[in-house]
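Before any comments, here is the structure.
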Amino acid sequence: ADTAVLPAGGLADRAAIDTCLGTLSQKYDEVKGQVFETMNKHYRDFALAYRDTSELTTEILAVLGDVQALSTRVKNGDLNAFLTSAAEQKALTARLDTTRSAIAVLKRLCEIHEMLGQCDVLLGRADWGAAADSIASITDTLQAVAPAGDGTCDPAIFGAMRAEVRRLRGQYAALVEKAWEAAVDARPPDADAPAALEMRRVVQAGPRKADFAFPSIVFASARLGTLPARLAALARFLLKHVLLPLATDTQLVPEIVADPATLRVTLRRSELPAKKAKQAQRADPSELLTRIQAVLEAVLDRFRGDDVTYHISRTEVADIVGKALLPGPAGLLDTIKTQCLSKTIAAGNLESDTFAAAVRSVEAFDAFLLQSGLNTDAPPLAEMMAAAPACSADQRRQDLLKAARDIILGDRVQTVAVEEATERGGLLRDRTGDGAAEDAAMLASVFALPPCQISASTHALVQLAYSTLDDIKAGDEQGAAQLFHGVRDALDLFRALVPARWHTNLETVPMFAAVFFNDCFYLAHHLTTLGHQYRRNLPPAVASGATFMDMVPVFHELGERHLARLLAVQKAALDEILGPAVRGFAGIANDKTHADIARAAAQLHAALDRLVTAWKGVLPADVHLAALGAVADHVLATAVRGILALDDLPQTESDLLREALQALLVPVPGQLGLDAASPKLAAAVPSIRRADQLVTLLAARLDAITDMWTKGQCVFTAPEMQRLVKALFENNDRRARCLALLV
């Protein structure tokens with residue numbers, strides 16, 4: 001380029017301008033520095049430096065002259081022309097760079113064009129692996145040279161290239177899809193045939209029906225990005241229709257027919273005799289894992305491509321298949337655990353040769369999964385077998401709690417008669433020698449179980465507790481702890497479930513509440529000695545705390561609380577009958593009122609009779625007497641209080657009240673099954689003496705009442721006697737003398 005761009009009358013050339021500007025700039029900086037140094041000197045040096053400052057001033061004036069001259073030249077256009085020339089040079093350089101980029105893009109496009117033609121040739125001669133590699137390379141190259149929008153290449157060219165690549169890729173993808181479908185034939189089961197998988201080594205594909213080797217199909221699918229989905233679909237088919245049926249149905253066996261050209265996998269049902277079929281209901285780990293491994297090895301072997309140039313390694317294929325096949329709640333590993341290993345652990349002897357063989361087979365299967373590449377992430381099955389003692393104990397505890405729950409929530413209508421002779425255990429049973437008589441007496445008074453009726457479900461629960469503790473082995477410390485505490489938890493389930501499930505029945509049905517009371521005391525009876533009976537069979541670490549005694553008062557309180565609640569409900573129901581009758585005592589002379597009171601008495605005794613029927617032979621004799629006595633006592637006490645509350649009792653009304661009270665009183669001993677003179681009657685129904693004496697007092701003369709009081713035969717208090725005398729007798733001197741004695 002020509003550098004003589006300044007006019008002839010100006011500076012000689014561009015170099016002269018650059019030199020001048022550089023000199024001026026340098027001179028200006030020097031002057032500025034010297035002025036700064038001078039101004040900063042101390043005042044004492046000012047006089048000496050005055051001469052130097054004058055010289056500097058002269059130099060500054062010279063520099064200003066040069067600057068003025070340069071400014072004049074700039075105004076004449078010399079510098080503007082220079083800047084214009086520099087901009088033109090920059091634009092030319094940018095165009096040169098753009099041209100070079102366009103040339104590079106065109107070269108790559110030419111390469112892509114040649115690769116497209118080559119790919120067509122590869123497809124034409126059925127070189128499937130090379131064609132897949134070529135299509136992938138074309139796609140990568142085209143993405144690398146995509147237009148940037150700077151005009152370096154016409155976007156239409158790229159559009160045409162992309163369309164051609166899409167066409168070629170779609171054509172090849174359809175070909176690979178057909179080839180895969182021909183090579184992998186997975187048929188689900190139907191009514192006529194079981195599930196079957198056929199894998200062919202070579203299939204015919206393309207317009208010329210050229211051979212398409214299965215490893216090349218796999219490689220092509222990988223290059224097209226469809227291999228993971230195809231392998232996942234194959235894994236799901238194997239899992240659903242082959243492997244899971246093998247794990248869940250012990251009578252299914254795989255049939256594997258393999259030759260160099262074809263692999264066929266299907267299932268058939270083994271024909272076992274009925275006895276062996278029943279024994280085979282639980283899968284044998286060794287046999288099951290061997291069958292599963294045979295299927296997986298046969299399928300993975302079809303992906304071996306050592307004899308093909310383009311192929312995917314079997315390990316890479318196994319990794320994709322394993323991720324779709326093994327993990328997850330419904331995966332193969334979890335199915336093997338739940339359907340086979342957990343049952344083996346729960347049912348087998350962990351120290352037997354059979355269990356040791358199962359452990360070895362699991363370890364071998366884990367090694368196969370690892371070496372084949374199927375399992376690189378999931379925990380191995382051997383971990384479960386290593387934790388078998390803990391798993392077995394935990395599983396047995398879970399089974400115990402499930403069985404206990406089913407028993408507790410089962411039928412509570414059926415009852416079982418129990419007594420001391422029918423039960424296991426006991427601290428003092430069958431003692432002989434010195435002290436045996438005393439022990440027998442204490443047994444009868446403290447530890448004996450009285451005859452009663454309990455629910456069949458509670459009886460079964462206690463038998464479950466005994467059978468579980470019987471299974472504890474002295475050397476199995478972990479299992480002993482799990483089962484011992486499992487029994488405690490099962491009994492706690494009874495306390496939690498029965499009151500919650502049947503709370504209405506417990507409050508309203510006398511028979512149900514009575515049986516529940518017996519259940520609680522029956523459980524407490526066995527818990528008193530249960531820990532003592534089995535402590536010697538437990539490992540030392542468990543035996544030190546092996547007791548159920550802490551649960552005894554809990555069950556006692558539970559039974560008593562619910563029986564007391566039922567009695568309260570029964571008393572409230574009787575009050576609804578008794579209340580109107582007591583309020584009618586004041587008008588008992590009225591025929592209608594008298595009839596209502598008589599009817600109420602009959603209803604009260606009918607209610608007591610129903611309780612007698614519900615509880616007779618169910619509750620223990622002493623509890624039966626106490627419960628019925630509490631209800632009868634409530635009735636009599638209420639009636640006595642009602643009569644004593646009356647202010648005036650004429651002869652007619654007192655006779656009618658006496659008759660009504662006798663109607664309530666007379667049937668009670670027979671309902672309780674006692675003689676009227678029995679001390680047990682007075683203990684069970686404290687108010688019966690008051691009612692009986694009130695019947696006498698209502699018909700007694702004033703002198704007889706005074707005589708009874710002075711002899712200490714009255715069961716009523718002084719205020720009660722005073723009130724009764726005032727109600728029965730008119731006010732006179734004789735009554736006054738009697739009242740004076742009633743203190």
Side-chain angles (χ1 to χ4, degrees), residues 399-426 448-471 486-530 548 551-552 554-567 569-570 607-628 631 673:
D399 293 342
L400 167 64
L401 294 179
K402 182 180 182 302
R405 181 182 181 276
D406 292 341
I407 289 173
I408 293 168
L409 296 180
D411 180 19
R412 298 198 63 81
V413 176
Q414 299 296 323
T415 60
V416 177
V418 295
E419 58 180 320
E420 181 66 25
T422 64
E423 302 307 303
R424 295 177 58 173
L449 177 69
C452 61
Q453 296 277 337
I454 65 170
S455 66
S457 60
T458 301
H459 187 266
L461 181 64
V462 170
Q463 297 308 311
L464 176 65
Y466 274 106
S467 63
T468 301
L469 295 174
D470 286 339
D471 290 340
V487 170
R488 290 180 60 93
D489 292 343
L491 297 171
D492 278 333
L493 277 179
F494 177 91
R495 294 195 299 118
L497 294 178
V498 175
R501 178 74 177 271
W502 289 283
H503 62 93
T504 302
N505 288 10
L506 286 172
E507 292 184 358
T508 59
V509 181
M511 174 72 170
F512 196 95
V515 171
F516 179 74
F517 173 87
N518 291 345
D519 288 346
C520 292
F521 273 71
Y522 178 76
L523 290 170
H525 169 79
H526 281 278
L527 292 177
T528 303
T529 61
L530 191 60
F548 294 91
M551 304 179 78
V552 171
V554 175
F555 277 99
H556 279 161
E557 188 276 333
L558 181 65
E560 291 171 351
R561 171 159 41 93
H562 282 281
L563 185 59
R565 188 175 299 172
L566 173 89
L567 291 177
V569 172
Q570 293 299 314
L608 285 173
D609 287 338
R610 286 193 293 270
L611 291 178
V612 171
T613 302
W615 290 343
K616 188 174 182 180
V618 175
L619 287 170
D622 57 340
V623 179
H624 174 264
L625 178 60
L628 282 177
V631 176

Practice prompt. State which residues pass side-chain hydrogen bond (donor to acceptor under 3.5 Å, both in side chains) with K616; sequence neighbours excluded, sorted by chain then number.
Written response: none
Worksheet entry | Qualifying salt bridge (Lys or Arg N to Asp or Glu O under 4.0 Å) pairs with a residue from residues 449-467, counting only residues at least two apart or across chains | none
Worksheet, complete the sentence: R495 meets the side-chain hydrogen bond (donor to acceptor under 3.5 Å, both in side chains) criterion, sequence neighbours left out, with D492
Discussion item. I'd like to check the side chain to side chain contact (heavy atoms under 4.5 Å, CB included) partners of E557; sequence neighbours left out, ordered by chain and number.
Written reply: R561
Fill in: Those residues that, when tested against Q453, pass side-chain hydrogen bond (donor to acceptor under 3.5 Å, both in side chains) (two or more places apart)
T415
Practice prompt. Quick one: list whatever passes salt bridge (charged side-chain N to carboxylate O under 4.0 Å, His left out) with R501, sequence neighbours left out.
Written response: none
Discussion item. Strictly by salt bridge (Lys or Arg N to Asp or Glu O under 4.0 Å), give each pair with a member in residues 506-528 just once, sequence neighbours left out.
Written reply: R412-D519, E507-R565
Item to complete: Sequence neighbours left out, what passes side-chain hydrogen bond (donor to acceptor under 3.5 Å, both in side chains) with D609? Give chain and number order.
Response: Q671
Response to the item:
Across all chains, not counting sequence neighbours, the side chain to side chain contact (heavy atoms under 4.5 Å, CB included) partners of P620 are P450, C452, N518, D622, V623
Practice prompt. For E419, enumerate each residue passing the salt bridge (charged side-chain N to carboxylate O under 4.0 Å, His left out) test, keeping only those at least two apart in sequence or located in another chain.
Written response: none
Item to complete: Go through the structure and list residues passing side chain to side chain contact (heavy atoms under 4.5 Å, CB included) with L400, not counting sequence neighbours.
Response: L464, T468, V487
Worksheet item: Would a line drawn from the ring center of Y522 to the ring center of F517 be shorter than 6.0 Å?
Response: no
Item to complete: For H556, check side chain to side chain contact (heavy atoms under 4.5 Å, CB included) against everything at least two apart and list the hits.
Response: F521, A524, V552
